[in-house]
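As structure tokens, the structure follows; a few thoughts come after it.
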Amino acid sequence: MTTGYSLRNPEMIIASSALIVSLITAFVSIYSAFIDRAYALASVWPRLEISRSFGDNHFSYIVSNKGTGPAVIQYAQMTSDEQLIRSWPEYLHKITGNKVDHVQSHIGEKVLSDGEQIRPLQITDAESVKMLATHDSLNIALCYCSIYHECWLVDRANQPRPITQCTIDDKQRFLQ
């Protein structure tokens with residue numbers, strides 16, 4: 001006796017229904033995993049902003065993390081008038097022509113939590129403050145990554161550009 005397969009056969013209807021339900025379940029699972037990954041990335045997204053603050057008796061640069069997760073700063077690079085700057089004393093001497101007393105915080109290779117800010121440079125000498133407030137040629141570039149190794153490069157324009165990874169020649173790295 002030969003058994004013919006027909007789409008009207010109840011076993012075939014059940015098997016086809018099970019296949020369709022399995023395919024829909026697989027699609028929903030894949031889509032859910034995609035959404036979960038996007039949510040995880042967004043929940044720890046760092047965003048660094050660079051600013052400066054000055055008044056009669058103070059001048060400082062400020063780096064703030066305005067994102068929702070920690071920023072792992074890989075390196076800092078600084079230039080002034082298209083010349084590489086390797087340390088704050090070098091920059092201050094270039095602008096003022098003198099040795100300037102200052103307070104500095106390490107900015108390269110640092111983890112900055114969400115909502116945290118640091119002041120990589122602070123000056124309270126009134127004469128130096130006036131010179132620095134009028135001389136705005138310092139370009140600060142920071143390369144930072146999230147804990148998921150998504151990386152960005154930001155400068156004083158505060159428009160982070162996504163990049164694949166943070167790499168720099170050690171001769172160009174800002175040393176402090």
Given 3.5 Å as the limit, does a donor-acceptor pair link the side chain of [X] with the main chain of [Y], or not?
{"X": "S64", "Y": "K66", "answer": "no"}
{"X": "T134", "Y": "K130", "answer": "yes"}
{"X": "N98", "Y": "V100", "answer": "no"}
{"X": "T68", "Y": "W45", "answer": "yes"}
{"X": "R119", "Y": "Q104", "answer": "no"}
{"X": "R161", "Y": "D155", "answer": "no"}
{"X": "S17", "Y": "I13", "answer": "yes"}
{"X": "N139", "Y": "M78", "answer": "no"}
{"X": "N158", "Y": "I50", "answer": "yes"}
{"X": "K94", "Y": "I85", "answer": "no"}

Same cluster or not: [X] versus [Y], using hydrophobic residues (I, L, V, M, F, W, Y) connected whenever any side-chain heavy atoms lie under 4.5 Å apart?
{"X": "V72", "Y": "V44", "answer": "no"}
{"X": "L121", "Y": "I95", "answer": "yes"}
{"X": "I62", "Y": "L48", "answer": "no"}
{"X": "I118", "Y": "V103", "answer": "no"}

For the residue pair [X] and [Y], what are the closest heavy atoms and their distance?
{"X": "W152", "Y": "E150", "answer": "CZ3-O, 3.1 Å"}
{"X": "P70", "Y": "I147", "answer": "CG-CG2, 3.7 Å"}
{"X": "N65", "Y": "A71", "answer": "ND2-N, 3.5 Å"}
{"X": "S80", "Y": "Y91", "answer": "OG-CE1, 3.9 Å"}
{"X": "A76", "Y": "L142", "answer": "CB-CD2, 3.5 Å"}
{"X": "D81", "Y": "S137", "answer": "OD1-CB, 3.3 Å"}

[Y] side chain reached by [X] side chain, heavy atoms, under 4.5 Å:
{"X": "R156", "Y": "Y61", "answer": "yes"}
{"X": "D101", "Y": "D125", "answer": "no"}
{"X": "Q165", "Y": "Q74", "answer": "no"}
{"X": "H58", "Y": "S53", "answer": "yes"}
{"X": "E90", "Y": "L175", "answer": "no"}
{"X": "L84", "Y": "Q77", "answer": "yes"}

Practice task
Would you kindly say whether S60 and Q122 are connected by a side-chain donor-acceptor distance under 3.5 Å?
Solution key: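 Q122 and S60 do not have a side-chain donor-acceptor pair below 3.5 Å.
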
Could you check whether atom [atom1] of [X] has more than 12 heavy atoms from other residues, nucleotides or ligands sitting under 6.0 Å from it?
{"X": "E116", "atom1": "CD", "answer": "yes"}
{"X": "D169", "atom1": "CG", "answer": "yes"}
{"X": "D136", "atom1": "CG", "answer": "yes"}

So how far is it from [X] [atom1] to [Y] [atom2], rounded to the nearest 0.5 Å?
{"X": "I30", "Y": "T25", "atom1": "CD1", "atom2": "OG1", "value": "11.0 Å"}
{"X": "T79", "Y": "L138", "atom1": "OG1", "atom2": "CG", "value": "7.0 Å"}
{"X": "L132", "Y": "E127", "atom1": "CG", "atom2": "CD", "value": "11.0 Å"}
{"X": "I24", "Y": "L19", "atom1": "CD1", "atom2": "CG", "value": "10.0 Å"}
{"X": "F59", "Y": "T124", "atom1": "CZ", "atom2": "OG1", "value": "13.0 Å"}

Practice task
Measure the acute angle between the ring planes of W88 and F174, then classify it against the limits of 30° and 60° as parallel, tilted or perpendicular.
Solution key: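 Ring orientation, 0 to 90° scale: perpendicular.
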
Handout entry: Aromatic plane relationship, Y31 with F27 - under 30° parallel, 30 to 60° tilted, over 60° perpendicular
Key =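 Rings of F27 and Y31: parallel, under 30°.
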
Handout entry: SG atoms of C166 and C143 less than 2.5 angstrom apart
Key =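 Yes.
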
Exercise for the section: Test Y144 against every option in V63, L153, I73, L112 by the side chain to side chain contact (heavy atoms under 4.5 Å, CB included) rule and name the one that passes. Expected result: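 Going through the options one by one, the only one that passes is I73.
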
